Amino acid sequence: MSDRRIVFVSEAIVNAVTRWVSLVTVTFEDADGGTSALIWTEQVAFLARTGDGSADLPHLRTGTALRLNGLSAVIGGSGS
């Protein structure tokens, strides 16, 4: 199957300041037992730091985790 990749751009704007932009590629691969594996690749450019910048990458990762946690609801999965 060839339709296994989603590519999108996202940006984080806080108080009218673009903090970062990301190019995201999500790829789906066949896995054991008839399931699928999801591979998330994100390339990010930080444009404006928050404070000393030490919290920016953890903040980005938390946002990614939240999006992935909601994925099963969007595609009608069981959420497990």
Side-chain angles (χ1 to χ4, degrees):
M1 176 182 273
S2 62
D3 298 329
R4 296 178 179 223
R5 185 178 310 158
I6 301 168
V7 178
F8 65 93
V9 174
S10 76
E11 61 184 344
I13 301 172
V14 179
N15 297 328
V17 175
T18 303
R19 300 291 183 178
W20 66 78
V21 294
S22 294
L23 174 64
V24 179
T25 302
V26 181
T27 306
F28 299 91
E29 295 182 357
D30 294 334
D32 295 335
T35 62
S36 296
L38 181 146
I39 300 164
W40 184 283
T41 304
E42 187 162 4
Q43 300 171 57
V44 60
F46 291 100
L47 305 173
R49 292 187 306 190
T50 303
D52 68 359
S54 64
D56 291 338
L57 186 56
H59 184 82
L60 173 69
R61 287 182 175 158
T62 299
T64 299
L66 290 173
R67 287 191 296 269
L68 288 172
N69 286 341
L71 184 61
S72 65
V74 172
I75 61 174
S78 64
S80 56

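Just so we're clear, the structure is a prediction, and the values are computed from it rather than from any experiment. Count residues from 1 along the sequence.
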Please tell me whether [X] and [Y] are part of a single hydrophobic cluster in this structure, the criterion being side-chain heavy atoms less than 4.5 Å apart.
| X | Y | result |
| --- | --- | --- |
| F8 | L60 | no |
| V14 | F46 | no |
| I6 | V24 | yes |

Quiz prompt | Approximate separation, where rounding is to 0.5 Å, of T27 OG1 and R5 CZ | solution =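 Atom-to-atom, T27:OG1 and R5:CZ are 5.0 Å apart.
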
Quiz item: Looking at NE2 of H59 and OG1 of T64, how far apart are the two atoms once the value is rounded to the nearest 0.5 Å?
Solution: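 Taking NE2 in H59 and OG1 in T64, the distance rounds to 10.0 Å.
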
Practice problem: Using modelled atom types only, decide if a donor and an acceptor are shared between the side chain of D52 and the backbone of S54 within a distance under 3.5 Å. | Solution: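 Between the backbone of S54 and the side chain of D52 there is a qualifying donor-acceptor contact (under 3.5 Å).
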
Self-check item: Step-by-step side chain to side chain contact (heavy atoms under 4.5 Å, CB included) determination, L47 to W20
Solution: CA-CA 5 Å; L47 305 173; W20 66 78; 5.5 Å; no

Self-check item: Closest contact, heavy atoms only, T35 versus D32
Solution: OG1-O, 2.8 Å

Quiz item: So, for A37 and A31, which heavy atoms are closest and what is the spacing to 0.1 Å?
Solution: N-CB, 4.1 Å

Self-check item: Test item: R19 and D56 side chains (from C-beta on) under 4.5 Å apart, heavy atoms
Solution: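 No, too far: nothing below the 4.5 Å cut-off.
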
